[in-house]
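In what follows, a single structure is set out as structure tokens and then discussed.
Given the structure is predicted, the values throughout are model-derived calculations rather than measurements.
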Amino acid sequence: MPLGNLNLQDGSCRVALGSSGNGEIVTVLPTELEVIRPKKSDKIKIMNGNFRGYSGKLIGIDGSDGIVKLDDTYEVKILDMVILAKLAS
């Protein structure tokens, strides 16, 4: 199922289906989603921590850290790769 937009709230996720994320919106449990580890240059969603729910671009990887440029503020953050998920394109 193509994923468009993830919005994490209280352990459940609201997922907009469709290739551009403009399709039907469904609520799913975390166990119903597969989190894909992002690669450099992938669009990402931050799954936990202070920036939970933010999206951005993974601009680099340094060991277990991901270097992320946030979409909203263009700030660059260094975050644990474990909390990053690839957004479907």
(request) Quick one: pull up OG1 in Thr73 and CG in Asp71 and give me the separation to the nearest 0.5 Å. (result) 9.0 Å
(message) Could you measure the distance from the CZ atom of Phe51 to the CD1 atom of Ile83? Nearest 0.5 Å is fine.
(response) 9.0 Å
Minimum heavy-atom separation for [X] and [Y], please, with both atom names.
X     : Y     : value
Glu24 : Val26 : OE2-CG1, 3.8 Å
Ser55 : Leu87 : CB-CD1, 4.3 Å
Arg52 : Met47 : CG-O, 3.7 Å

(request) For atom NZ of Lys40, decide whether the heavy atoms of other residues, nucleotides or ligands shown that lie under 6.0 angstrom number more than 12. (result) no
(message) Tell me which pairs pass side chain to side chain donor-acceptor pair (under 3.5 Å) where either residue lies in residues 58-70, with sequence neighbours left out.
(response) none
So [Y] and [X], do their side chains get closer than 4.5 Å, heavy atoms only?
X     : Y     : value
Ile67 : Lys77 : no
Lys57 : Asp42 : no
Val68 : Ile59 : no
Lys39 : Lys86 : no
Lys43 : Pro38 : no

(request) Look only at the side chain of Lys45 and the backbone of Gly53, and say whether a donor-acceptor pair between them is shorter than 3.5 Å. (result) yes
(message) So, applying side chain to side chain contact (heavy atoms under 4.5 Å, CB included) with Leu70, which one of Ile46, Ile44, Val76 is it?
(response) Ile46
